[in-house]
Amino acid sequence: MICYVLSDTTIEKCLETVRRNRQWIDACELRLDFLDSENRKKASEFPSLVDIPVILTHRRKQDGGQYTGSEKQRRAELIEALDGNFAYVDLEEDMKKNELDNKAKERGIKIIRSYHNFECIPDDIYAKVSQLKKRGDVAKVAVTPNSIQDVITLFNAETELSGIDKIIIGMGAFGTPTRILYRRTGSILTFCSETETAPGQLSAKKLSEIYHANEINERTAIYGIIGNPVLHSASPQIHNPAFRAIKFNAVYVPFLVDSVRHFFFLAEMLKMRGFSVTIPHKIEVLSYLGDITREVKQIGSCNTVVRKPGLWKGSNTDYYGFLNPIENDIEEGRIKSALVIGAGGASQAIIWALRNRNVKVTILNRTISKAETLAKNNMCKADTLDNANKYKGKVDLIVQTTSVGLGEDVSPIPSFEFTGNEICYDIIYKPRMTKFLKDAKEKGCKLHFGDEMLFEQGKLQFEAFTGYHYPKQIIPEI
Ligand code: ATR
């Protein structure tokens, strides 16, 4: 079940929220602690106004809720609300057995016994779930993984605690895979909301339309992307709709990864079929691969890993993903020379690709030593950003590979005088129109955008993952 956490202040607004999200959800949680005092009195009416099971919850501040009053009053408000036809009531582990338990039993309302931890996962998490289950119908643990090792602990719950009705939630950025692959933790539901009511929660639409979380079963092939940070990545929007279009039972999930080594344990545990690799793991991942393509060997970095019999194989689709949008211009001789702005990990693959196509390259970088090293290795020239104007009218292509312009309206070469004849290419895709491209457009240059490269490299990854071409009818929202 996908369960929506209602955080509105009135019953009327909660009903509107359910209506707005109804197509994506199977249950909802009415949070008394978010309702104003007048509306708390009307809570018992709520379950009969919606056509999905409702969980009743009154969360204290210390457990991540809004309630700050006395325990006596909280109990009284919960008891009054239990006149309604709720499917479940959530009672925290430290709440002593009282008339609430009895009333819930009499009314046939199941008790979820819950434990919250916003700092970590306690060592005795499995014992905790068993204890909670003894005091309720369903055990719920909402805990905070701080590493990939912790994420492994949560996915292990499925086998360690099989046969126990439970809700397992991994909060925060590390927990996102446990929210999407909730059925692989053995959890009976996953929570969602529009406004984040707990760290790391996803929207109902995303869980349902992008990840199809409810349809994930033991036969679903799991793919993903590893990085740090990673949650901003648009790659799930590229792969998930395409899996669906070719009727491939698979899901693509973002994994925040602190240790590549530990991630490989998780990949084995989830029987993952492949994954994308992004900053900062593109080089470290090489140590764990049993086979690599020629491009990976030459460039020294890998962005695509696929399971092969007995080993993991790495390839690099950044190389062709970058070249694809400008291939015609190179073939037809319109690109013979290029300025590459930046000398980081991303520019390495780009420089290699351009040099392989016989394009003369000058690397401009804030730190000249890095540009010089790359230039030496790839038979290019190097210069500083301040000297950019020396190359005015002398290059056919300018590629922007630095992080300058990512989410902000600045250019790494603000005073560069474009002639209008240059082809300008920014690999940043958020925003699509960077300051660098705006300046180039003003002078009439032909532009290429970061989402083109992202999509092109993603299409090739899709082929590596599935063996099928990327479906033509899918235009991902990047
Ligand atoms: P990536 O792997 O994404 O390329 P990186 O290896 O950290 O990331 O490289 C970042 C690039 O952006 C580098 O070329 C960096 O220049 P330095 O080598 O001088 O650090 C460049 N860069 C980052 N911030 C910059 C800034 N404020 N001004 C100019 N260049 C910047």
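Heavy-atom basis, side chains included; hydrogens, waters and symmetry copies ignored. Each ligand, and each atom within it, is numbered from 1 in the order the structure gives.
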Problem set entry | Numbering as shown, the atoms of ligand 1 that approach Lys370 to under 4.0 Å (heavy-atom distance) | 17 (P), 18 (O), 20 (O)

Seminar exercise, completed: For Ala353 and Tyr319, the nearest pair of non-hydrogen atoms, with its separation, is CA-CE1, 3.5 Å

Exercise. If you take all heavy atoms of Ala139 and Val129, which pair is closest and at what distance?
Worked result: CB-O, 3.5 Å

For this session: State whether Arg357 and Glu327 are salt-bridged, where the test is any N-O pair (Lys NZ or Arg NE/NH1/NH2 against Asp/Glu carboxylate O) under 4.0 Å.
Result: yes

For this session: Give a yes or no on whether atom 4 (O) of ligand 1 lies under 4.0 Å from any heavy atom of the protein.
Result: yes

Problem set entry | Lys271/Glu218 salt bridge by N-O under 4.0 Å criterion | no

For this session: Examine Ser347 against ligand 1 and note whether any of their N/O atoms are separated by less than 3.5 Å.
Result: no

For this session: Please determine if Val404 has a nitrogen or oxygen closer than 3.5 Å to a nitrogen or oxygen of ligand 1.
Result: no

Problem set entry | Under-4.0 Å heavy-atom contact with ligand 1, by part of Arg366 that carries it | both

Seminar exercise, completed: Here the atoms of ligand 1 under 4.0 Å from any heavy atom belonging to Gly342 are 14 (O)

Exercise. Is the gap between the ring centers of Phe436 and Phe416 under 6.0 Å?
Worked result: no

Exercise. Numbering the atoms of ligand 1 from 1, which are under 4.0 Å from a heavy atom of Leu385?
Worked result: 29 (C)

Exercise. Is the distance between the ring centroids of Phe322 and Trp352 less than 6.0 Å?
Worked result: no

For this session: Around atom 10 (C) of ligand 1, find the nearest protein heavy atom and jot down its residue, atom name and distance.
Result: Gly344 CA, 4.4 Å

For this session: Taking all heavy atoms of Ala213 and all of Arg183, pick out the closest pair and write down the distance.
Result: O-CD, 3.9 Å

Exercise. Under 3.5 Å between some N or O of ligand 1 and some N or O of Ala343?
Worked result: yes

Exercise. With respect to Gln400, which candidate in Leu437, Ile428, Thr434 satisfies the side chain to side chain contact (heavy atoms under 4.5 Å, CB included) definition?
Worked result: Ile428

Problem set entry | Mode of Thr367 contact toward ligand 1 - side chain, backbone, both, neither (heavy atoms, under 4.0 Å) | both

Exercise. For the rings on Phe243 and Phe462, is their centre-to-centre separation under 6.0 Å?
Worked result: yes

Problem set entry | Side chain, backbone, both or neither: Thr402 near ligand 1, heavy atoms under 4.0 Å | both

Exercise. So is Pro412 in contact with ligand 1, going by heavy-atom distances below 4.0 Å?
Worked result: no

Exercise. Of the protein's non-hydrogen atoms, which lies at the shortest distance from atom 6 (O) of ligand 1, and what is that distance?
Worked result: Gly345 N, 3.1 Å

Exercise. Taking the non-hydrogen atoms of Ile341, is any one of them nearer than 4.0 angstrom to ligand 1?
Worked result: no

Exercise. Are Lys390 and Asp383 ion-paired here, with the side-chain N under 4.0 Å from a carboxylate O?
Worked result: yes

For this session: Indicate yes or no: does an N/O atom of Thr401 lie under 3.5 Å from an N/O atom of ligand 1?
Result: no

Exercise. Looking only at distance, does Ile279 have an N or O less than 3.5 Å from an N or O of ligand 1?
Worked result: no

